[in-house]
Amino acid sequence: MFTIGDFARYGRVSPRMLRHYDAIGLLTPDRTDPATGYRLYGAAQLARLNRIIALKDLGFTLQQVGAVLDERVGPEELRGMLRLRRAELTEAVAAASARLTRVEARLRSIESEGHMPADDVVIRAVPAVRVAELTGTAASYQPEDIGPVIGPLYDRMFPLLEGAGLRPTGPGIARYEDAPEGGGAIVVHAGVTVSAPVGAVGDTEVRVVELPPFEAATIVHRGAMDDVLSTTHTLARWLDANGYRSTGYSREVNLECPPDRESWVTELQEPVTKA
């Protein structure tokens with residue numbers, strides 16, 4: 001028999017945790033000394049303790065662990081629990097990866113502070129253009145809020161255009177404006193250049209609109225749009241240093257969009273006026 005201290009050491013847990021397992025009926029000692037109240041464990045109980053630790057490591061609650069160990073959960077239900085846990089972990093990994101991308105973008109932005117290469121920004125007149133577009137609403141102008149909105153809009157739009165017999169004639173153009181409800185939300189317009197009459201595209205949600213010409217400060221961003229902050233910061237610093245003021249949100253013109261998002265080439269077109 002093992003004392004609680006020895007059993008905890010062999011099982012790589014704390015005595016406090018063993019007392020908790022005992023209190024909830026998950027792992028009770030083989031016997032308790034009636035004179036001292038000391039808990040005593042048998043060597044065979046190490047197998048149950050190891051299963052508890054393994055199931056906890058998979059993310060199951062102690063209640064779920066108890067149900068599995070006491071065979072109150074059948075094989076099919078256990079498979080379902082594991083599939084759900086896999087989906088939760090996959091989502092957590094994706095969220096952590098997105099946060100890592102934003103951290104790296106922030107670091108690059110900080111490291112580039114004070115560096116404003118003049119040849120990166122060009123002031124030019126952007127002509128009027130006709131685009132077919134779908135719209136949605138994002139919580140903010142941050143890349144992590146825009147990405148989950150604009151991607152599905154483009155995924156929906158292209159099949160609708162194809163079904164209506166309308167082919168793109170130029171690059172994709174994304175644009176933004178403040179949402180009517182305020183609170184920092186923005187309306188996301190996912191568009192693509194077309195040659196078609198202004199108005200609805202058949203009986204779909206897609207609309208063709210004419211975007212007016214404007215004067216823009218332009219800069220080219222290379223890489224995924226999740227990593228666009230360093231480029232927008234470079235543009236903002238250039239505007240401040242050269243006496244320009246932004247008059248709205250940037251348009252994003254998709255010059256190259258290969259499957260590898262890190263190889264994307266996007267022109268940012270910021271509407272400006274002299275300060």
Could you report the tightest heavy-atom contact between [X] and [Y], atom names first, then the distance?
X	Y	answer
Ser246	Gly248	OG-O, 2.9 Å
Glu210	Ala128	OE2-CB, 3.8 Å
Val149	Thr137	CG2-O, 3.6 Å
Gly66	Leu26	CA-CD1, 3.5 Å
Ala216	Val126	CB-CG2, 3.6 Å
Ala132	Val206	CB-CG1, 3.8 Å

Run the salt-bridge test on [X] and [Y] with the 4.0 Å N-O cut-off and return the result as yes or no.
X	Y	result
Arg261	Asp226	yes
Arg9	Asp6	yes
Arg175	Glu252	no

Minimum side-chain heavy-atom gap [X]-[Y] below 4.5 Å:
X	Y	result
Arg251	Glu267	no
Thr32	Leu40	no
Arg207	Val201	no
Leu160	Leu166	no
Arg19	Ile4	yes
Val265	His221	no
Leu153	Thr135	no
Leu27	Leu69	no

Does [X] use its side chain to pair, donor to acceptor, with the backbone of [Y] at less than 3.5 Å?
X	Y	value
Asp33	Thr36	yes
Thr234	Ser230	yes
Thr218	Val122	yes
Asp70	Arg72	no
Asn242	Trp238	yes
Ser97	Val93	no
Arg130	Ala196	yes
Thr273	Arg245	no
Thr28	Gly25	no
Asn254	Glu256	no

Transitive ILVMFWY side-chain link [X] to [Y], under 4.5 Å:
X	Y	result
Val272	Leu235	yes
Ile219	Ile173	no
Phe158	Val188	yes
Val68	Leu89	no

Handout entry: Candidate pair Tyr176 and Ile146, rule side-chain contact (heavy atoms from CB on, under 4.5 Å), full reasoning
Key = CA-CA 10 Å; Tyr176 311 94; Ile146 291 176; 3.8 Å; yes
Exercise for the section: Evaluate side-chain contact (heavy atoms from CB on, under 4.5 Å) for Leu82 paired with Leu58, printing each intermediate quantity in order. Expected result: CA-CA 8 Å; Leu82 288 169; Leu58 292 176; 4.0 Å; yes
Practice task
For Tyr249, enumerate each residue passing the ring-ring contact (aromatic ring centres under 6.0 Å, His included) test, keeping only those at least two apart in sequence or located in another chain.
Solution key: Tyr141
Exercise for the section: Please assess Thr266 against Leu255 for the test side-chain contact (heavy atoms from CB on, under 4.5 Å), listing each intermediate value before the final yes or no. Expected result: CA-CA 5 Å; Thr266 306; Leu255 302 178; over 6 Å; no
Handout entry: More than 12 heavy atoms from other groups under 6.0 Å of CZ on Arg85
Key = yes
Exercise for the section: Might you confirm whether atom CD of Glu88 has over 12 heavy atoms from other residues, nucleotides or ligands at distances under 6.0 Å? Expected result: yes
Handout entry: Distance-only donor-acceptor check, side chains Ser140 and Asp145, under 3.5 Å
Key = yes
Practice task
Just do the side-chain contact (heavy atoms from CB on, under 4.5 Å) check on Arg222 and Val220 with the steps written out, would you?
Solution key: CA-CA 7 Å; Arg222 291 175 172 81; Val220 174; 3.6 Å; yes
Practice task
Please say which of Tyr21, Tyr38, Tyr41 ends up in a ring-ring contact (aromatic ring centres under 6.0 Å, His included) with Phe7.
Solution key: Tyr41
